[in-house]
Amino acid sequence: QVLLAESGGGLVQTGGSLTLSCAASGRTFDMYAMGWFRQAPGKEREFVAAISWNGDRSYHTDSVKGRFTISRDNAKNTVLLQMNSLKPEDTAVYYCAARRSFGSWELKTRDYEYNYWGQGTQVTVSS
């Protein structure tokens with residue numbers, strides 16, 4: 001089992017930056033592919049980015065490409081989401097999620113494809 005805890009959210013102006021962090025418990029963190037999702041008020045949760053178990057593969061949804069970067073540090077059991085050039089439409093609760101991948105990589109963008117979730121962290125971008 002993996003326990004996930006996000007941090008780093010907050011209030012930022014348009015064009016600003018934030019770095020979200022997700023700390024994972026457990027000794028098998030490197031067996032999991034990781035993802036970030038977000039959910040804005042009144043909307044369904046949507047995929048943002050994913051990274052392979054060893055960090056050599058990653059994918060970002062079109063709306064954040066060139067602005068957000070997902071990364072991970074397996075020695076620290078941490079996955080990050082660096083967010084630059086933030087826009088009001090990025091306002092949402094951001095969740096990190098873990099998916100058992102056992103050393104393989106396959107892009108998964110549906111929330112039901114992930115096994116474990118954090119509690120979320122609020123990001124608010126003011127205009």
Side-chain angles (χ1 to χ4, degrees):
Q1 184 175 354
V2 176
L3 297 179
L4 304 174
E6 302 94 336
S7 61
L11 174 64
V12 65
Q13 293 184 334
T14 296
S17 298
L18 282 174
T19 299
L20 304 184
S21 179
C22 176
S25 67
R27 295 176 293 175
T28 59
F29 179 65
D30 59 0
M31 294 178 65
Y32 294 83
M34 300 296 295
W36 284 97
F37 289 74
R38 65 186 181 186
Q39 187 168 21
K43 295 187 177 181
E44 293 187 353
R45 188 158 54 187
E46 66 171 351
F47 171 81
V48 176
I51 191 165
S52 62
W53 66 278
N54 62 353
D56 69 341
R57 301 282 298 274
S58 64
Y59 180 84
H60 303 77
T61 196
D62 285 347
S63 63
V64 308
K65 278 182 182 176
R67 300 189 298 122
F68 292 10
T69 303
I70 188 172
S71 63
R72 67 188 294 163
D73 184 340
N74 286 351
K76 297 181 179 179
N77 281 17
T78 301
V79 60
L80 301 178
L81 186 67
Q82 174 67 45
M83 306 187 297
N84 299 324
S85 302
L86 283 160
K87 305 175 182 180
E89 52 263 44
D90 295 318
T91 294
V93 177
Y94 283 71
Y95 300 89
C96 71
R99 180 179 65 81
R100 288 184 290 267
S101 66
F102 301 108
S104 65
W105 166 254
E106 184 176 0
L107 178 63
K108 300 292 187 182
T109 63
R110 308 291 179 90
D111 55 7
Y112 61 80
E113 296 173 312
Y114 287 76
N115 307 107
Y116 302 103
W117 292 83
Q119 81 289 349
T121 185
Q122 176 71 47
V123 172
T124 303
V125 185
S126 64
S127 58

Exercise. Is there a side-chain contact between Pro88 and Thr14 (heavy atoms, below 4.5 Å)?
Worked result: yes

Problem set entry | Side-chain heavy atoms of Ile70 within contact of His60, under 4.5 Å | yes

Check residues 76-84 and write down every donor-acceptor pair under 3.5 Å in which the side-chain atom is one partner and the other belongs to a residue at least two apart or another chain.
{"from": "Asn77", "atom 1": "ND2", "to": "Ala24", "atom 2": "O", "distance (Å)": "3.3"}
{"from": "Asn77", "atom 1": "ND2", "to": "Gly26", "atom 2": "O", "distance (Å)": "2.8"}
{"from": "Thr78", "atom 1": "OG1", "to": "Lys76", "atom 2": "O", "distance (Å)": "2.9"}
{"from": "Gln82", "atom 1": "OE1", "to": "Thr19", "atom 2": "OG1", "distance (Å)": "2.4"}
{"from": "Gln82", "atom 1": "NE2", "to": "Asn84", "atom 2": "OD1", "distance (Å)": "2.8"}
{"from": "Asn84", "atom 1": "OD1", "to": "Ser17", "atom 2": "OG", "distance (Å)": "2.9"}

Exercise. Are the side chain of Thr91 and the backbone of Thr124 linked by a donor-acceptor contact shorter than 3.5 Å?
Worked result: no

Problem set entry | Side chain to side chain, Leu3 and Gln1, heavy atoms closer than 4.5 Å | yes

Exercise. How far does SG of Cys22 sit from CZ of Arg72, to the nearest 0.5 angstrom?
Worked result: 9.5 Å

For this session: Answer with yes or no whether the hydrophobic clustering places Val12 together with Phe68; edges join I, L, V, M, F, W, Y residues whose side-chain heavy atoms lie under 4.5 Å apart.
Result: yes

Exercise. Is a salt bridge present between Asp62 and Lys65, judged by a nitrogen-to-oxygen distance below 4.0 Å?
Worked result: yes

Exercise. Given side chains that start at C-beta, do those of Leu4 and Tyr32 come closer than 4.5 Å, heavy atoms only?
Worked result: no

Problem set entry | Contact check, side chains of Arg99 and Met34, non-hydrogen atoms, under 4.5 Å | no

Exercise. Is the shortest heavy-atom distance from the side chain of Ser104 to the side chain of Trp53 under 4.5 Å?
Worked result: no

For this session: Step by step, work out the side chain to side chain contact (heavy atoms under 4.5 Å, CB included) result for Leu18 and Val123.
Result: CA-CA 9 Å; Leu18 282 174; Val123 172; 3.9 Å; yes

For this session: Indicate the atoms forming the closest heavy-atom contact of Asn74 with Phe29, along with that distance.
Result: OD1-CE2, 3.2 Å

Only pairs under 3.5 Å count here: list side-chain donor-acceptor contacts from residues 44-52, not counting sequence neighbours, and write none if there are none.
{"from": "Glu46", "atom 1": "OE2", "to": "Arg38", "atom 2": "NE", "distance (Å)": "2.6"}
{"from": "Glu46", "atom 1": "OE2", "to": "Arg38", "atom 2": "NH2", "distance (Å)": "3.2"}
{"from": "Ser52", "atom 1": "OG", "to": "Asn54", "atom 2": "OD1", "distance (Å)": "3.1"}
{"from": "Ser52", "atom 1": "OG", "to": "Gly55", "atom 2": "N", "distance (Å)": "3.3"}
{"from": "Ser52", "atom 1": "OG", "to": "Asp56", "atom 2": "N", "distance (Å)": "3.2"}
{"from": "Ser52", "atom 1": "OG", "to": "Asp56", "atom 2": "OD1", "distance (Å)": "2.9"}
{"from": "Ser52", "atom 1": "OG", "to": "Arg57", "atom 2": "N", "distance (Å)": "3.0"}
{"from": "Ser52", "atom 1": "OG", "to": "Arg57", "atom 2": "O", "distance (Å)": "3.4"}

Exercise. Just by modelled atom types, is the Gly120 backbone N or O under 3.5 Å from a matching donor or acceptor in the Glu6 side chain?
Worked result: yes

Problem set entry | Closest non-hydrogen atom pair between Ala40 and Ala92, with its separation | N-CB, 3.8 Å

Exercise. So, Asp90 and Arg67, do they make that salt bridge, N to O below 4.0 Å?
Worked result: yes

For this session: Please determine which of Tyr95, Tyr94, Tyr114 meets the ring-ring contact (aromatic ring centres under 6.0 Å, His included) test together with Phe37.
Result: Tyr114

Exercise. Is there a donor-acceptor contact under 3.5 Å linking the side chains of Arg100 and Tyr116?
Worked result: yes

